[in-house]
Peer 1: 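Handing you this structure, nothing more for now.
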2 protein chains.
Amino acid sequence: MQLKRADVVTGALTLLDTDGLDGLTMRKLGALLGVQAGGIYWHFTNKDALLDAMADRIVEAVTATPLTEGPWDARLAEVAHRLRRALLTHRDGARVVAGTYVLEPNTVRGGEQAMRILTDAGFPADRAGWVLFATMYYVLGHTIEEQAQQAQGDWAQRGSGLPDSELSRALDSVVRADPEERFAYGLDLLLDGVRLRFPGGRS
Amino acid sequence: MQLKRADVVTGALTLLDTDGLDGLTMRKLGALLGVQAGGIYWHFTNKDALLDAMADRIVEAVTATPLTEGPWDARLAEVAHRLRRALLTHRDGARVVAGTYVLEPNTVRGGEQAMRILTDAGFPADRAGWVLFATMYYVLGHTIEEQAQQAQGDWAQRGSGLPDSELSRALDSVVRADPEERFAYGLDLLLDGVRLRFPGGRS
DNA sequence: ACCTGAACACCGTTCAAGT
DNA sequence: ACCTGAACACCGTTCAAGT
């Protein structure tokens, strides 16, 4: 049975879950697929191209089902939540996606979808682009940190090493919070700003 | 003349500027410092510890001079702008700082400073922590992307490879904008959200 | 205390050659 | 078309031994 491009991506995501992004090597992936490391290069020109394909696979779930109807801000929030969930599906998923400025199918589809939410609501295209990217920075940053905490529990300890101070309480509040609640809070800060600038005023 | 810890950091930042984060290797750094690669390990336990120290050095400028007096939101914006400027001072500076969850002196000082701005304004400590982290995600995400564009001009082209669509216009608006203006815009979206939740109401 | 020399156990990538 | 085998040019890190 021959190896297909999609099989390589699937295997790579399996390896990602067990060994993490830093443990993902072409040799280990070859072993997992029953192939020499060099053989992978027939399917992908290099490791970065494989990572791009992995990122696009991770992001597939975001556009898999149609969005619920509703006001633009609720729809944009849903996209953000879907993206977070998709990133959390695989170990280091956020880092994988953040590291690739891809224009592969699912990534493009998701971007189009989000842009249309804003432009349909009357936002000019250029400002909509700025809003979209700002939102992406937040989602990726938040989720990268979430997964960093998951990986190494030492995150919580580091704060305790600090003398009792403003910052140590900030770390505490971040570490101890329900991640989803904290995510929604920060997203809402941003969306408030957008709502204020929305041509139709507050929604 | 013997090598001091600070000299290693300075050399590493020089190498960072010329070779980028991916080109920063212990062997090249050794050569630059006139030392074997292994010799560096007397000063730093490993490469990550060195990267932490580099991050803290990069971030030094943020707290170097006192903030201008004024309302809390203007002060927080100034911190964000200072951080962006500091990150832009060195090639891949944003990636270096984003990759390290450090509690080194300057990082702590900066965190304390930002937290105090919020708590002095009456924000409860836990929400202030959430706001602080959300802001950091935005600043780092924005600046990482800024530096990625600087590095490889192909970013602009990728958009042109796309068929004319909502997303291609989004990419255009991002690539062609004045980075500082776009940064300020997104930061203001977030600060608007914070202002709405500020105990004292809009400032 | 501070560094050398040399090794260990890896990497990503290439490419003739096989089937 | 799809992959093997083997090499090339690197990595980070360790550690006895030197000064």
Side-chain angles (χ1 to χ4, degrees), chain A residues 1-57 91-92 95-96 98-102 148 151-152 154, chain B residues 1-57 91-92 95-96 98-102 148 151-152 154:
Chain A
M1 241 269 301
Q2 245 158 234
L3 217 51
K4 300 192 90 68
R5 228 169 168 278
D7 302 327
V8 179
V9 175
T10 304
L13 287 173
T14 305
L15 188 58
L16 181 68
D17 286 331
T18 58
D19 292 39
L21 181 55
D22 296 330
L24 175 69
T25 74
M26 300 301 269
R27 282 161 217 265
K28 283 201 238 170
L29 179 54
L32 185 87
L33 297 170
V35 145
Q36 291 292 114
I40 300 169
Y41 288 78
W42 195 90
H43 300 279
F44 292 92
T45 51
N46 55 31
K47 193 181 180 179
D48 274 343
L50 173 57
L51 284 165
D52 286 353
M54 291 168 67
D56 201 57
R57 174 76 67 80
R91 163 124 89 122
D92 292 336
R95 272 172 72 203
V96 170
T100 61
Y101 307 87
V102 210
Q152 20 158 320
D154 83 355
Chain B
M1 239 271 301
Q2 244 158 233
L3 217 51
K4 299 192 91 64
R5 226 167 169 278
D7 301 327
V8 179
V9 175
T10 303
L13 287 173
T14 305
L15 188 57
L16 181 69
D17 286 332
T18 57
D19 292 39
L21 181 56
D22 297 331
L24 176 69
T25 74
M26 300 302 269
R27 282 161 218 266
K28 283 201 238 168
L29 179 54
L32 185 86
L33 297 170
V35 144
Q36 291 292 114
I40 300 169
Y41 287 80
W42 195 90
H43 300 278
F44 292 93
T45 51
N46 54 32
K47 192 181 179 178
D48 273 342
L50 173 57
L51 284 165
D52 286 353
M54 291 168 68
D56 202 56
R57 174 77 68 81
R91 162 123 90 122
D92 292 335
R95 272 172 72 203
V96 169
T100 61
Y101 307 88
V102 210
Q152 21 158 318
D154 84 355

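Nothing here was measured: the structure is a model prediction, and the numbers come from that model. Letters A, B, ... are given to chains in the order of the sequence lines, protein chains preceding strands, and every chain is numbered from 1. Excluded from the calculations below are hydrogen atoms, water molecules and symmetry mates; all remaining heavy atoms, backbone and side chain alike, are included.
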Peer 1: Mind calculating the distance between CG (B/Asp48) and P (D/dC11) to the nearest angstrom?
Peer 2: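 In whole Å, D/dC11 P and B/Asp48 CG are 17 Å from each other.
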Peer 1: Taking the side chain of B/Gln36 as its heavy atoms from C-beta onward, which of C/dT14, D/dT13, C/dG5 lies nearest to it?
Peer 2: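 The nucleotide sitting nearest to the side chain is C/dG5.
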Peer 1: Salt-bridge test for A/Asp52 and A/Arg57: reply yes if a basic N is under 4.0 Å from a carboxylate O, no otherwise.
Peer 2: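 Salt bridge between A/Asp52 and A/Arg57, a charged N being under 4.0 Å from a carboxylate O: no.
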Peer 1: Please state whether the phosphate of D/dC2, meaning OP1 or OP2, lies under 4.0 angstrom from any side-chain nitrogen or oxygen of A/Gln2.
Peer 2: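 For A/Gln2, the contact criterion (side-chain N or O under 4.0 Å from OP1 or OP2 of D/dC2) is met.
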Peer 1: Does the side chain of A/Asp56 reach to within under 4.5 Å of the side chain of A/Thr100, using non-hydrogen atoms?
Peer 2: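 No, their side chains stay 4.5 Å or more apart.
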Peer 1: Determine the minimum heavy-atom distance between A/His43 and A/Arg5, stating which atoms define it.
Peer 2: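 Reported closest heavy-atom pair: O-NE, 3.5 Å.
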Peer 1: Tell me the interatomic distance from B/Phe44, atom CZ, to D/dT14, atom C1', rounded to whole angstroms.
Peer 2: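 Nearest whole value for this atom pair: 18 Å.
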Peer 1: To check you understand the geometry: which heavy-atom pair defines the closest contact between B/Leu33 and B/Asp7, and what is its length?
Peer 2: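 B/Leu33 and B/Asp7 have their closest heavy atoms at CD2-O, 3.9 Å.
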Peer 1: What's B/Leu24 touching, base or sugar-phosphate or nothing? Going by heavy atoms closer than 4.0 Å.
Peer 2: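 Since only primed, P, OP1 and OP2 atoms lie under 4.0 Å of B/Leu24, the category is sugar-phosphate.
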Peer 1: Over how many whole Å does the gap from A/Lys4 atom NZ to D/dC2 atom P extend?
Peer 2: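 Going from A/Lys4 (NZ) to D/dC2 (P), I get 7 Å.
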Peer 1: Rounded to whole Å, how long is the line connecting atom CH2 of B/Trp42 with atom P of D/dT14?
Peer 2: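 Whole-Å distance recorded here is 16 Å.
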Peer 1: Can you figure out which of D/dG12, C/dT4, C/dG12 approaches the side chain of B/Arg27 most closely?
Peer 2: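 Between D/dG12, C/dT4, C/dG12, the one nearest the side chain of B/Arg27 would be D/dG12.
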Peer 1: Rounded to the nearest 0.5 Å, what separation is found between the OG1 atom of B/Thr18 and the CZ atom of B/Arg91?
Peer 2: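 So the OG1 of B/Thr18 and the CZ of B/Arg91 are separated by 7.0 Å.
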Peer 1: Nearest to the B/Thr25 side chain among C/dT13, D/dC11, D/dC3, which nucleotide is it?
Peer 2: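 Of all the options, the side chain of B/Thr25 is nearest to D/dC11.
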Peer 1: Which atoms of nucleotides 17-19 of chain C (N or O only) lie under 3.5 Å from a protein N or O atom, and what are those distances?
Peer 2:
none

Peer 1: Identify all stems in which DNA chain C takes part, counting only runs of at least 3 consecutive pairs (Watson-Crick or G-U wobble, each distance under 3.5 Å), and give each as one range with another, ordered by first number.
Peer 2: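 DNA chain C stems, ordered by first number: C:4-8 with D:12-16, C:12-16 with D:4-8.
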Peer 1: I want to confirm an ordering. Mapping A/Gly23 and A/Gly38 to their closest nucleotides on DNA chain C, which one lands closer to the 5' end?
Peer 2: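 Closer to the 5' end of DNA chain C: A/Gly23.
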Peer 1: Does any N or O in the side chain of B/Lys28 come within less than 3.5 Å of the main-chain N or O of B/Gly23, such that one atom is a donor and the other an acceptor?
Peer 2: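 A pair under 3.5 Å: yes.
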Peer 1: I need the OH-P distance between A/Tyr41 and D/dA7, as an integer number of Å.
Peer 2: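 Answer to the nearest Å: 19 Å.
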Peer 1: B/Lys47 NZ to D/dG12 P: how many Å, rounded?
Peer 2: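 Between P of D/dG12 and NZ of B/Lys47: 4 Å.
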Peer 1: Given 3.5 Å as the limit, does a donor-acceptor pair link the side chain of B/Asp19 with the main chain of B/Leu24, or not?
Peer 2: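 Absent.
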Peer 1: How many Å lie between CG on B/Asn46 and C1' on D/dC11, as a whole number?
Peer 2: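 After rounding, the reported distance stands at 15 Å.
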Peer 1: By nearest heavy atom, map A/Gly39 and A/Lys28 onto DNA chain C; which one lands nearer the 5' end?
Peer 2: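 Looking at the nearest nucleotide for each, A/Lys28 comes out on the 5' side.
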Peer 1: Which one of A/Leu50, A/Leu32, A/Val35, A/Leu13 satisfies the side-chain contact (heavy atoms from CB on, under 4.5 Å) criterion with A/Val8?
Peer 2: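 Among A/Leu50, A/Leu32, A/Val35, A/Leu13, the one meeting side-chain contact (heavy atoms from CB on, under 4.5 Å) with A/Val8 is A/Leu50.
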Peer 1: Without decimals, in angstroms, what is the distance between A/Asp7 CG and D/dA1 P?
Peer 2: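 So the CG-P distance, A/Asp7 to D/dA1, works out to 19 Å.
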Peer 1: What's the closest nucleotide to the B/Met26 side chain, out of C/dC3, D/dG12, D/dC3?
Peer 2: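 Comparing C/dC3, D/dG12, D/dC3 against the side chain of B/Met26, the answer is D/dG12.
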Peer 1: Would you call B/Asp92 and B/Arg95 a salt bridge, using N to O less than 4.0 angstrom?
Peer 2: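 Result for this pair is yes, salt bridge flagged.
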Peer 1: Grab the two heavy atoms, one from B/Phe44 and one from B/Ala53, that are nearest each other, plus how far apart they are.
Peer 2: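 It is CE2-CB, 3.8 Å.
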Peer 1: If you only use heavy atoms from C-beta on, which nucleotide in C/dC3, D/dG5, D/dC11 is closest to the side chain of B/Leu3?
Peer 2: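 Nucleotide nearest to B/Leu3's side chain: C/dC3.
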Peer 1: Report yes if a side-chain nitrogen or oxygen of A/His43 is closer than 4.0 Å to either non-bridging phosphate oxygen (OP1 or OP2) of D/dC3; otherwise report no.
Peer 2: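 Checking A/His43 against D/dC3: at least one side-chain N or O falls below 4.0 Å of OP1 or OP2.
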